[in-house]
Amino acid sequence: MQQLRMFDTLAGEKRDFVPQIEGHAGVYVCGPTVYDMAHIGHARAYVAFDTIVRFLRRHFKVTYVRNFTDVDDKIIRRAAELGENPTAVSERFIVAFREDMARLGVLPADVEPKVTEHIDEIIAITKTLVDAGFAYMSNGDVYYAVDRFAEYGKLAKRKRDDMDAGVRVEVSEIKRNPLDFALWKGAKEGEPFWDSPWGPGRPGWHIECSAMSRTYLGETFDIHAGGKDLIFPHHENEIAQSEAAHGKPFARYWLHNGFVNIDNEKMSKSLGNFFTIRDVLKRFDPLTLRLYLLSTHYRSPISFSDAGLQEAQNRLRYLMQTMARLEASVTEGSIEGSMRAPWVSEMVDRFESAMADDFNTPRVLGDLSEAFKLINETIDQPGDRDVDARTLRVVFSHLKNIGSSIGLFEELSADVLARLDTLEVSVAGIDPKVVDELVAARIKARAEKDFVRADEIRASIESMGVMIKDAGNTTTWEIKKTLPLE
RNA sequence: GGCGCGAUGCCCAAGUGGUUAAGGGGACGGUCUGCAAAACCGUUAUUCAUGGGUUCAAAUCCCAUUCGCGCCUCCA
């Protein structure tokens, strides 16, 4: 295989990936806090890391851990609003999250630990930090003393003095340093709590990942990933906790995905400009969203728009139509011999090369274009029968191979096309029966060579936003591929 | 204020020192078609925000400027 290189946030550059244990890779991705429906930002992160993990599995035995934060201020607040208990709320959104991910083709992680099931481990690591003098008790809480960790700020590339200057006014008699953060929060009235050496309470946010990653991957592991917004303070704090507690390096490579932007601004709840995955999937196919997300490099910001999604969906239809033609044309037989195009035998190598360079999925998608052209060309304009048949077999096999890594071409294309038709007809508000009747009338007119009449009928169909495709004796129709004007 | 990221054709988007700057969309022309649509073919950036510099050689490195964005508070 090609040497895999990935951009490591801590190093600030692409580095060769050399796992801790040869042939193995331990990956921890920060999962969602389950207090609401997952949004497109979640979709982006988890599609990106799903694709990365799928690729890693081609070359390593991977242990992929992605947690659920199921106890937290926001969950407690939400539960209070709804009059439910926090566990009911978190469990409900975990189920919804898993459904959303499944639709996007995001495979489950090997381990999906919940914070509430790892309280003992969290208490243990907190105790280590208190005993070693890295943490202190104050007002019923336990805080991490940032001043005790000399390298604090190394991930976010920030000096402590710089941060002190920028810290917003936060009058707190409780913390020694404004940057100190809670490892353990003393229980307040009506909140869930667990017993601990510091009294009843619950974990702070950052400590859970230190505890759970150690449980499943060890004190030092290969890859830790999440959204760019987690770099500071979340991941910075994790490093401080774990490296102070263990006296050894924490994650060896740090991967961070870029934001989803709306109108050139970060999508966020406070701005009110976010979309849930479910909102988007009412109008676009899950694979459309996946293809769309994969068409921009995972570290770059992606600008989210209807026009972009519509373009992706049009492209998805092309890919699926072409795959359908390929599935119908491919035959059993030898794959030895010359190909219709010399690069056909190198498709997988090129894929490997693009992915080995910091998981360049846009390049992968770009490279795929000529394969799809070749499929259509081969079927439309046959040449040497043996060469054609062999070429289609090889292309098919390579596309399946590559597709299994990027989460496309895993379903039968006919099924995806049917799903697209159903969705688009429904979104356009069109009654298929009406169209079918008009199409039948047009077929009759054409059979009678009454092209004036046929064209009139087609015009009326098109005015509904539907386009007609005559292919031989059959006529099909689909929703016009239009891009919304912006 | 501190720190960091980005600016590639009409739009989206790869490329980060060296032959002709991927790919997709759009537009235009062609093949096919009764005509269309789809599919395929062709055309569409001597140029990579701007101004300097380094180099035999830069979109790619350095400096400055402009613009946009992010983090410094919960956030994928």
Side-chain angles (χ1 to χ4, degrees), chain A residues 9 12 14 29-33 35-36 38-49 72-74 153 156-159 161-168 170 178-179 205 225-234 236 256-261 264-271 274 291-292 295-303 305 307-308 310-312 314-315 317-319 321-322 325 354 357 360-370 372-381 446 449-452 454-455 458-459 462 467-472 475-478 480-481 483 486:
Chain A
T9 306
K14 285 185 199 172
V29 172
C30 287
T33 301
Y35 70 104
D36 205 346
H39 54 68
I40 302 305
H42 296 108
R44 178 162 205 206
Y46 302 123
V47 165
F49 297 123
D72 146 283
D73 292 347
K74 291 191 289 291
K157 313 260 181 278
R158 230 169 267 172
K159 294 190 172 66
D161 293 345
D162 296 338
M163 289 188 274
D164 289 345
V167 165
R168 313 242 167 121
E170 181 190 355
L179 291 170
W205 175 34
K228 268 191 161 75
D229 44 1
L230 296 182
I231 294 172
F232 194 91
H234 186 54
E236 192 71 57
H256 292 99
N257 67 276
F259 297 131
V260 175
N261 288 162
N264 212 25
E265 276 184 324
K266 178 186 170 184
M267 181 166 84
S268 76
K269 293 219 162 189
S270 50
L271 288 168
F274 69 95
L291 180 66
Y292 178 68
S295 67
T296 298
H297 186 89
Y298 79 96
R299 284 193 290 117
S300 300
I302 185 167
S303 179
S305 69
Q310 190 59 55
E311 188 179 323
N314 293 346
R315 185 65 180 167
R317 186 181 276 281
Y318 167 82
L319 296 176
Q321 274 171 354
T322 306
R325 299 186 78 189
D357 182 13
N360 195 332
T361 56
R363 208 168 103 201
V364 170
L365 262 16
D367 288 346
L368 249 31
S369 293
E370 61 184 333
F372 280 79
K373 279 187 186 178
L374 184 71
I375 293 163
N376 282 313
E377 187 194 334
T378 304
I379 295 171
D380 286 340
Q381 293 152 35
R446 289 185 74 214
K449 302 274 188 231
D450 184 355
F451 294 121
V452 173
D455 289 351
R458 180 169 61 200
E462 287 187 342
M467 68 180 182
I468 293 285
K469 296 162 80 170
D470 296 325
T475 295
T476 57
W477 59 272
E478 63 190 49
K480 269 188 194 165
K481 293 182 182 179
L483 291 175
E486 289 209 276

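- Rounded to whole Å, the distance from CZ on A/Phe372 to P on B/A38 is 18 Å.
- Residue contacts for A/Gly41: at a heavy-atom cut-off of 4.0 Å it reaches a base atom on one of the strands shown.
- A gap of 12 Å separates the P atoms of B/U20 and B/A59, to the nearest Å.
- Across B/C48 and B/G15, the matching C1' atoms stand 10 Å from one another, rounded to whole Å.
- Nucleotides B/C32 and B/A37, compared at atom C1', are 11 Å apart to the nearest Å.
- Only the C1' atoms considered, B/A22 is 13 Å distant from B/A45, to the nearest whole Å.
- Between A/His42 and A/Tyr46, the angle of the ring planes stays under 30°, which puts this pair in the parallel group of the 30/60° scheme.
- Between A/Lys14 and B/U16, a side-chain N or O to OP1/OP2 separation shorter than 4.0 Å is absent.
- Straight-line distance from the CD atom of A/Glu370 to the P atom of B/A14: 19 Å, rounded to whole Å.
- Each of A/Met467 and A/Asp357 was matched to the nucleotide of RNA chain B holding its nearest heavy atom; the match closer to the 5' end belongs to A/Asp357.
- Pairing for B/G9 is absent, with no Watson-Crick or G-U wobble pair whose two atom distances lie under 3.5 Å.
- Here the nucleotide nearest the side chain of A/Arg315, chosen from B/G25, B/C71, B/C35, is B/G25.
- Between A/Arg363 atom CZ and B/A13 atom P the separation is 18 Å, expressed in whole Å.
- Under the Watson-Crick or G-U wobble criterion, with both distances below 3.5 Å, B/U19 has no partner in any strand shown.
- Evaluation of atom-type donor-acceptor distances gives a pair under 3.5 Å for the side chain of A/Arg446 against the base of B/G34.
- Separating the C1' atom of B/U47 from that of B/A7 is a span of 15 Å, rounded to the nearest Å.
- No engagement by A/Arg44 is indicated, since no non-hydrogen atom pair under 4.0 Å with the nucleic acid exists.
- Between the side chain of A/Asn261 and the base of B/C69 there is no donor-acceptor pair of N/O atoms closer than 3.5 Å.
- Residues A/Lys449 and A/Phe451 have side chains in contact (heavy-atom distance under 4.5 Å, counting atoms from C-beta outward).
- Residue A/His234 is classed as having no contact, given no heavy-atom separation below 4.0 Å to the nucleic acid.
- A/Asp357 places a side-chain heavy atom less than 4.5 Å from the side chain of A/Lys14.
- Neither side chain, A/Ser303 nor A/Asn261, offers a donor N or O lying under 3.5 Å from an acceptor on the other.
- When each of B/A37, B/A39, B/G70 is scored by its nearest atom to the side-chain atoms of A/Arg325, the top-ranked nucleotide is B/A39.
- Contact check, A/Lys266 against B/A76: no side-chain N or O comes under 4.0 Å of OP1 or OP2.
- Using Watson-Crick or G-U wobble geometry with both donor-acceptor distances under 3.5 Å, B/C35 finds no partner in any strand shown.
- Of all nucleotides listed (B/C41, B/A14, B/A76), B/A14 comes nearest to the side chain of A/Pro362.
- Between the CG atom in A/Asp367 and the OG1 atom in A/Thr361 there is a gap of 11.5 Å [rounded to 0.5 Å].
- For the pair A/Arg158 and A/Glu236, the salt-bridge criterion is not met [side-chain N within less than 4.0 Å of a carboxylate O].
- A/Lys449 comes within 4.0 angstrom of nothing in the nucleic acid, heavy atoms only.
- Applying the Watson-Crick and G-U wobble criteria (two distances, each under 3.5 Å), B/U43 pairs with B/A27.
- Side chain of A/Ser369, nearest nucleotide from B/G24, B/C72, B/G70: B/G24.
- Using a 4.0 Å heavy-atom cutoff across all strands shown, A/Phe49 reaches no nucleic acid atom at all.
- Between the C1' atoms of B/A27 and B/C10, the separation comes to 9 Å (whole Å).
- Rounded to a whole Å, the CZ atom of A/Arg299 is 10 Å from the P atom of B/A14.
- Using a 4.0 Å heavy-atom distance criterion, A/Lys74 is classed as a sugar-phosphate-only contact.
- Considering only the side chain of A/Tyr318, B/A39 comes nearest among B/G24, B/A39, B/C69.
- One P atom belongs to B/G1, the other to B/G18, and the distance between them is 38 Å to the nearest Å.
- A 4.5 Å side-chain heavy-atom check between A/Tyr292 and A/Val47 finds every atom pair outside the cut-off.
- Pairing for B/G4 goes to B/C69, judged as Watson-Crick or G-U wobble with the two contacts each under 3.5 Å.
- When heavy atoms are screened at a 4.0 angstrom cut-off, A/Arg458 is found touching base atoms of the nucleic acid.
- Here the separation of B/G51 from B/G9, taken at their P atoms, is 15 Å to the nearest Å.
- Among the atoms of the strands shown, base atoms are found under 4.0 Å from some heavy atom of A/Val260.
- A donor and an acceptor atom never sit less than 3.5 Å apart when one is taken from the side chain of A/Asn360 and the other from the base of B/G15.
- Take the nearest nucleotide of RNA chain B for A/Ser268 and for A/Glu265: the residue whose nucleotide is more 5' is A/Glu265.
- A/Asp455 comes within 4.0 angstrom of a nucleotide base, judged by non-hydrogen atoms across all strands.
- Between the P atom of B/G2 and the CZ atom of A/Arg158 lies a distance of 14 Å, rounded to the nearest Å.
- With hydrogens and angles left out, the side chain of A/Glu311 and the base of B/G24 share a donor-acceptor pair within 3.5 Å.
- At the heavy-atom level, A/Asn376 lies under 4.0 Å from the strands shown only through sugar-phosphate atoms.
- Between A/Arg299 and A/Thr9 the shortest side-chain heavy-atom distance does not fall below 4.5 Å.
- Looking at heavy-atom distances under 4.0 Å, A/Ile468 makes contact with a base.
- Counting any heavy atom pair closer than 4.0 Å across all strands shown, A/Asp380 reaches sugar-phosphate atoms only and no base atom.
- For B/C61, the paired nucleotide is B/G53, the pair qualifying as Watson-Crick or G-U wobble because both relevant distances are below 3.5 Å.
- Taking every side-chain heavy atom of A/Asn264 into account, B/G68 is the closest of B/C72, B/C41, B/G68.
- Here the side chains of A/Leu365 and A/Arg315 are not in contact, with every heavy-atom distance at 4.5 Å or above.
- Within the nucleic acid shown, A/Gln381 comes within 4.0 Å of sugar-phosphate atoms alone, with no base atom in reach, counting heavy atoms only.
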